[in-house]
Each structure stands twice: as C-alpha cells, then as structure tokens.
Visitor: 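The structure is given below, and queries will be raised subsequently.
In what follows, every chain begins at residue 1, and chains take the letters A, B, ... in the order their sequences are listed.
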Amino acid sequence: MIRDVRPAPTHDHLCCAYADPTVFDRTAVDFLAAGLAAGEQVWYVADRPPAEPPDGFRGPAYRYVPTAAVYPADGVLDPHRQARTFFEAMRRALAEGYTGLRVAADTTPLARTGEQLDAYLRYEYLVDSHMVVAPIAGMCGFDRAALTASALASIACLHPQSNTGDEVLFRLYAGPESMVLTGELDPTGRDVFAGVLDRVEPPVVHGEITLDATALTYVDHRALMSLEEYAARRDAIAVLRTPLTAAARLVELLGLSRVRVEATA
Amino acid sequence: MRTGPAAGSAGYYHEALCYSSPEELLAVGLPFLIDGVEAGEPTLVAMGGESAEALRDTLPAGSGVEFLTGGSVYARPTSAIRAYRQMLSGHVERGATQIRIIGELPPAALGATWDSWARYESAVNRAYDEFPLWTMCAYDTRTTPQDVLADVARTHPHAATADGRHLASGTYTDPVDYLARDALAPDDPMMAEPPALELIDPLPVDARRAVHRVDGGRLSADDLDDLVVAVSEVVTNALRYGRPPTVLRLWAGPDRMVATVTDGGAGPKDPFAGLLPATEDSAGGRGLWIAYQSVNHVVATRTEHTFTLRLTAGNANFTLVPH
C-alpha cells in the first residue's frame, strides 16, 4: 500500500519497493493511468514493457522507454544532468500539448552499489525539487532483493509517498520553500538520517539550512545531534520549524549550538 | 583563598542544616551568608517561602547575597544538577575560589518524590565535587519526616549545628553505595488498578503511539511530549541493553500518567546512571539521562529477575498512602 505522509499534497513522487515484479507493474500502470487521465505524457521505464498494458496505453501519450535509453550503462548517475534530462523532457511534453510528464521507472540498477547509491540519493532530491515547481511526477521502483535494508530506507525516506510502511519512519523531501521533514526520527532512523543529509545536501540559504518540520511527530536527541554535526560540516545553522516542544528542550539539554528550533503552531 | 570549614581543601563541602526554629536557621544562615560576601565569594540563597523571607528581611540592604527562586531551581533533581553545574562553572571561570549556597527543597519534595531528592542529595557529592562549593542544605525538623532526616544524614557528609559547629555525619554513606540501593518510593495508588494498556516487547514507535493513545488529552502538550521522549528512550534501552521480555505498562489519572518499563535484565551498572550527564559511548546513558530530565519523577526498582523504571508525568506528588 502506498502511504502519503505529506501534510498537504505538493507533488507526486512515490517509492515502490517490490519483492514481486507484478507489484511494480500494477502500481506503475495505476500511476501512469492517472497521468493519462490528466492529459500528461507518461513513460514506463524498465528493462521490458509492462506485461499487460491496458488499452489506454496504446495512444501517443504513452511511451515505453528502455532503461538504457535514459540512464547511464554503469548505473552511476550524474545527479544534475539526470534531473535536467527529465526537466527538458517535461518541457518538450508541454510543447507538444501535454499538461506535464509522468515517469514510472524501475531504478533498481541505479542503487545497487555504494557509488551508485550516493549519486542516486542526490539525484532523488534534485528531481524531487523539480517536481515541486514543475509538472513532473515520478514513481521509483526498487527490487527489494537487490538492495540492503539500509539502502532501501535511504531511498524511501526521500519520497513523500511510499509503500515501505514502518521500515523507515521519517521522510525528507523537497518543499516549496525548504526541505520538508515529516514522520518520526528515532534510533531506527539515526544512521539513515545522517547518511541522507550528507548525500542530499539540503540548501544553505543565508547561512541557514531550514527544515519545515511542521508535520514531524517525534524527534530524538540522536537526530538532533546528527543535525548539529551536519550543520557544522556545512558551516551553517540548521533551523527546525516544528510544533514539537520537546525539540527545543532537547536542544537546550544537549547544549547544541548549530540547531535552532522555531516553534510553529 | 577559600574560607570556612573547607579552607585548605578542594571540592565540595556538603553540609546539612537541620533547624528547629526560624531563629536557629538565622543563627547559622546569616553568618554563613555575610562571611561569604565579606570574603568576596559568590553567595546565594536557593529557598522559597518563609525561610527565604526570614533571611531576606534580616540581611542588611544591598548585602550582596543573591536570591534564587527555590521552587524553580528544584523543579526536578536532574534539572537542578544541570542548572547548578552550569552556574558553578560560570563562577569558577570568573575566578571564584569558593561559592556558598544555602538551599531548601520545597515541601512537596519531601513527600511522594523524596526518594529522587534523596538520590539527588547523594549524587551531588560527586556531581559538584569538581567545584570549590560549600552548601548548607536546610531541613526544618518540625515538618520533615524522620525517615527523610535519616536520609539527609546518610547523604550529607557534614552537619552544621545551631551553635556554629561543623560535625561529620556518623551515618554518611558513600554515594556509590547509597545509590546502588533500590529507591524506597511509595507506590502510586493508581498502580493498584490494572494498567490502561500493556505492551510486550514494543518497538519504540509502538510505545510512543501507546502513550499518545492512553493520554487522551489529559496531560499538557509539554508534559505529553516529554513523557513520549522518556518512554521512547527507556524502551529503546530495555530492548538494546536489557533482557526480554520488555513490558510497557501505562496508567492514566486525571492529573498524571505513569509508565513502567520492565525488562528481565539487571539495569544499568553505573549507580549515577540517569543522574549525571553521560557520554555518547556509555551504554544507553544519554537516553536515560534525557528520560530523567524529561519527567517529574523516575523510580528504578529491581527484583531478582527484573529491572523496572517508573516514569511519572504531570503531578508526581500524589497524596501519600500509609505504608
């Protein structure tokens, strides 16, 4: 089941982890069908076309795109270049009269090794940022058998929608003004949170890394310390905008100097 | 140069002042404060109520004695340790050769939560020993229960007398031994009833959701947030360092919530666990310290096969039942 953790829908970007390839197929077909109904150009990116494409997928708005046609052969992305590829494809789709671009891709080959995963996580954030401001929607599929639990959690946490349930309890994704942090940050997410911060590189604006945590429901001292260490590496102040009153008390208890908690209603 | 009975020695001079009248309090307290100011030592009063008023009224105007609000300093034992350590560090950095404090716990601390304050009085013998500190901890023998006074003698190495002498306490017990004993805290009467919710081997996330569910809007947002933090940390420690099964039980009353977390282990080996700031590499130490900082009462108890931490959010000073 795909769960949407966004406090308010901004963009469609979902993670579909599958053990059975037909789960990817079915989820992708539903995802793309919604795009066709909305007048978007839709791409199915995988090593082979869907087993049973519905009738609606026979028109010009639907394209099957082999994985090798859009992603590098060695699976190591150039994050900026890859994000730009889809942005340009979206512009062409708009020029052709579509309302946007919607891509369902099996991206397992881009996240198998450590080097691939590092680049992929950065790319996820960049393309997610495009999705917030432009009519691009994406669904990223992952074969569970090919990824470690930690790699899968790192990928899933960067998607506002995911079918990974409680496997990772927090989400960190692009928002209209700053990155959005939702869910719960506890010991189970400690290493993943620290790891994705390093790879994603949230923007520093006027010396501050702002995280919109208005829908964060729990944060522990480990996550705040990870944030402190990360902000120090970026020579910045991390600003956590959250209604959680315990967050400010923990920051004071721990004597953190690079995390500032701003209370929200 | 350090003045008074600790002259020539380093560290903490921790003295009890058990008084039986306002006159006795003033007879010892006033010279303690005036001599401190005259010696140029930071000299403070951390008391509330009549005791503070009596000292304030008797001290000369502009005496140089600083009055802290007793009630806020002594909100929670571990918060008091943290606040005092910060303050003492500041005085030492500014060149103080001795700091004098006369303090008195609010009356509520001598009731249902006394066990945690007794542990505080014991733990500070170590927690403040890096500072040139002389404190007089005032207890009014007219209103302080006898078992509390016995704990005072066990936790203060020195005792001031009304006629100006400084005696060694015959029953003083080293904190390592004192803190290793189980707390003798009265049961919360709420716990005589079955818990509102019981979970076996919950994940921390399930434990947090259970606290929210049982709270049902009883606690303030701050108290609820803090209890959730404490329960999450204690369950995390039990799962990681204890032995199965870990059992979380929750009770809710009109003015408070009680959570107990029991596991089959022996609990932390460090007798100061939870009371003093822990380093990141001590097993679960920082999480436990945060739990102690986050709720109004923490009680640790052991049986032959179990270790239990009881956490109370909201009003921990329930009316004592006879025991």
Visitor: Looking at side-chain heavy atoms only, is the closest gap between T188(A) and V205(B) below 4.5 Å?
Guide: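 They are not in side-chain contact.
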Visitor: Can you tell me if R243(B) has over 12 outside heavy atoms packed within less than 6.0 Å of its CZ?
Guide: no
Visitor: Donor-acceptor check, side chain of D225(B) to backbone of T245(A), threshold 3.5 angstrom: yes or no?
Guide: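 Judged by distance alone, yes, a pair lies under 3.5 Å.
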Visitor: Taking the basic N atoms (NZ, or NE/NH1/NH2) and the acidic carboxylate oxygens, is any pair closer than 4.0 Å for D186(A) and R209(B)?
Guide: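 Here D186(A) does not pair with R209(B) in a salt bridge, since their nearest N and O are not under 4.0 Å apart.
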Visitor: Assess whether atom CD of E177(A) is packed by more than 12 heavy atoms of other residues, nucleotides or ligands within 6.0 Å.
Guide: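 Counting other residues, nucleotides and ligands, CD of E177(A) stays at 12 neighbours or fewer.
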Visitor: Using a 6.0 Å cut-off, check whether atom CZ of R82(B) has over 12 heavy atoms from anything other than its own residue.
Guide: yes
Visitor: Would you indicate whether the side-chain heavy atoms of P187(A) and R240(B) approach each other to under 4.5 Å?
Guide: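 Contact flag for R240(B)/P187(A) side chains = yes.
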Visitor: Sort by residue number and list every member of residues 247-262 of chain A having a non-hydrogen atom under 4.5 Å from chain B.
Guide: R249(A), L250(A), E252(A), L253(A), L254(A)
Visitor: For the interface with chain A, which of R208(B), Q86(B), E233(B), Q293(B) has the highest count of heavy-atom pairs at distances below 4.5 Å?
Guide: R208(B)
